[in-house]
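What follows is a short report on a single structure.
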Amino acid sequence: MHQLPAELLIDIFIYCAHNDVCSPLTLGQVCRQWRGILQHTPVIYQLIILNDRHQSLLRANQISNIYLERTRSLPFDVHADVHSGDDLLPILSPFLAHLDRWRSCRLGGAPFRFDDLWPSSRGERRLEGLDINVLDIGEIDENVEQASVADPDAPSHPPSCLYKFAFTGDSLSVYLTAARLPQSVASTPMRFASLVISEGTPSVSLGPRELLDFLSTCPEIEFFSFTGSMCEPELSLEDGENPPPIVELLQLRTLILHSTLCTRIILSAIHTPALEELCLEHLNVDFKFPIHNPFLPRQLPPPPGATSPDTHPSYGIPVTQLIPMDTDTPSSAPVTYLFPPDPLPFAEDYTPEDGDSDEEGDSDYSQSPYSDHATGMGIRSLVRRSRPPLRVLEMDYADMRTKDFAWLFARVPLLSEFRIVASDMSDRVIRMLGVWTDPYCIGNPGICDAADAAARTGAQPQCAHYVMLPHLAVLELIHCQRLSGAAIVEAVKGRAAVTDTASRVRLAEPLPLSEVAIVGCVQFRETHEEEVSEVLGDRLRTQ
């Protein structure tokens, strides 16, 4: 064997690699000469052949990364037999970071060449979008069967109806249909700029942890849209004991949540310091569902028979937050806390956050109190953690409690567009957007240093916080039936007078209103329209 020229050994090794993708790893252990040839001959690794029935996803990723490293700067080809559509993205994920070298791909059928779709004269190749439609496994099987009848010659590993590659300019977008989100096995992140996930059938419900785990593999997305099925999320006792890490989405600028009961869970588990646009759509429901954050520590009682001290010795939880099992114990007697035979009720055994209480009571009318609570608390958690430069807030059949609007408006000074559709918000909310008699930062710690200092001395703060959302230019109120015409007139006219004056004297803020839409608000009548028109003129739209 030592007498064979290296060129002949290279041809033999290429033949072996094309028949068994693992063979170069084995042959490299035979002797020093073979190992040297295998480690320094990139041409051996230019064809990567994978099969999800022959390798686990983890093993396939390991092999792919070895081949990619050893090909160095050479182009490579991929042949993959993927028998489960759910495995397609995990199998291909290592190659997505090397689009500039990826020459061709064959998925069960005829290969397609990237060079034919991306001429070399164009710019740098980049990943644009990933669109995943999650369906019930029965519906997927039905779609595959129908596709095979329509085109018997179509590839079946995986079925071509479950994926699509779309090439636009220098960008690649991937469309997948799967029964679950792809497993997170890739060691390198997927560098998609846009991510769309949809629960395509009412019977499908992605677990919050599954969704967050997958989000963590796409750290560079700038756009994320999630459409749920309104199924109640499946939660376990382990969620509070082993919560997932906060997902860092440092480049995310647009976030859309549609038809999901996981609003609070998602918003409480992501970090989006660059977020500029938040769209909440069709989140309102009129039924009860778990609204607390399942990833917070659970409030567990002490061991059986223990008399509670000031705080629980294991959990450090104030005893006032623990639930006594013996409700007949006289108030003057020591209270004994026992483990309950069954898990505690959801709303009582999870740790509350600042803002969870509902001190407004019945005065804060809503047809969707549970979803309002969840939405408001999710937004609080997101803004408190990320402090995003939010500029656009759209709420379409999504709502919050009055105090959540007040909390948010005081903390997003760059918001320039606010659109809300079919809200139960009260006159108190619209009046917040008018002119305040006293600075709105009073009683709102952390908003204004002058107000915080004045609060310690009892003095009036010397600041200019008399108009919330000082950059607000576009306001749209559509089918907000609880708002009175008088409250709208008061807020809009007062704000317009102050902001227009500030613009005339060339103050940097507050900015003037450029567009106001008041559409389908039944209590906003013709006389109210005339009053607002006097100030806004053609900036007002009522249709």
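- Distance alone, capped at 3.5 Å, is enough to place a donor-acceptor pair between the H528 side chain and the R525 backbone.
- The shortest side-chain heavy-atom distance between R419 and V474 falls under the 4.5 Å cut-off.
- Taking 4.5 Å as the limit, some side-chain heavy atom of M400 sits within range of a side-chain heavy atom of T375.
- The main-chain N or O of G378 is never found under 3.5 Å from a side-chain atom of S381 such that the two would form a donor-acceptor pair.
- Checking side-chain atoms of S229 against main-chain N and O of V204 turns up a donor-acceptor pair under 3.5 Å.
- Residues passing the side chain to side chain contact (heavy atoms under 4.5 Å, CB included) test with R541, sequence neighbours excluded: E476, E515, A517, V519.
- Between the E210 side chain and the L181 main chain, a donor and an acceptor come within less than 3.5 Å of each other.
- A distance-only check finds a donor-acceptor pair linking the side chain of S416 to the backbone of R391 [under 3.5 Å].
- Electrostatic pairing of E220 and R126 does not count as a salt bridge here, judged by no charged N lying under 4.0 Å from a carboxylate O.
- A donor-acceptor contact shorter than 3.5 Å is absent between the side chain of T272 and the backbone of L252.
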Derivation of the side-chain contact (heavy atoms from CB on, under 4.5 Å) call for T402 and M432: CA-CA 10 Å; T402 296; M432 294 176 194; 3.7 Å; yes
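- Surrounding CD of Q367 are at most 12 heavy atoms belonging to other residues, nucleotides or ligands under 6.0 Å away.
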Steps toward side-chain contact (heavy atoms from CB on, under 4.5 Å) verdict (R495, L469): CA-CA 11 Å; R495 184 183 188 94; L469 306 181; 4.1 Å; yes
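- Judged by distance alone, the side chain of T260 and the main-chain N or O of C262 form a donor-acceptor pair under 3.5 Å.
- Proximity of P202 to M230: side-chain heavy atoms (C-beta onward) are nowhere separated by under 4.5 Å.
- For D399, the side-chain hydrogen bond (donor to acceptor under 3.5 Å, both in side chains) partners at least two apart in sequence or on another chain are S423.
- Side-chain atoms of L382 and L275, non-hydrogen and from C-beta on, do get closer than 4.5 Å to each other.
- With F405 as the partner, the side-chain contact (heavy atoms from CB on, under 4.5 Å) test is satisfied by one option alone out of R428, M395, M468: M395.
- Judged purely by atom type and a 3.5 angstrom limit, R180 has no side-chain atom pairing as donor or acceptor with the backbone of D86.
- Remark: the D372 side chain and the S366 side chain contain an N/O donor-acceptor pair separated by less than 3.5 Å.
- Inter-residue side-chain proximity for L477 and L483 is flagged as met; some heavy-atom pair is nearer than 4.5 Å.
- H282 meets the ring-ring contact (aromatic ring centres under 6.0 Å, His included) test with H258, Y397; sequence neighbours excluded.
- Qualifying salt bridge (Lys or Arg N to Asp or Glu O under 4.0 Å) partners for E277, counting only residues two or more places apart in sequence or in other chains: none.
- Sorted by first then second residue, the side-chain hydrogen bond (donor to acceptor under 3.5 Å, both in side chains) pairs that include residues 478-489, not counting sequence neighbours, are D427-S484.
- Side chain of K493 to backbone of V535: no donor-acceptor contact under 3.5 angstrom is found.
- Residues P510 and Y466 form no side-chain contact, since every pair of their non-hydrogen atoms from C-beta on lies 4.5 Å or further apart.
- Judged as a ring-ring contact (aromatic ring centres under 6.0 Å, His included), and not counting sequence neighbours, F223 has no contacts.
- At least one donor-acceptor pair under 3.5 Å links the side chain of R385 to the backbone N or O of I270.
- In terms of heavy-atom proximity, P219 sits nearest to S216 at CD-O, 4.0 Å.
- The one candidate from L408, L267, L278 that meets the side-chain contact (heavy atoms from CB on, under 4.5 Å) condition with V383 is L408.
- L96 places a side-chain heavy atom less than 4.5 Å from the side chain of L89.
- Remark: of the listed residues R264, H292, R380, R264 is the sole one forming a side chain to side chain donor-acceptor pair (under 3.5 Å) with E353.
- Proximity of L88 to L162: side-chain heavy atoms (C-beta onward) are nowhere separated by under 4.5 Å.
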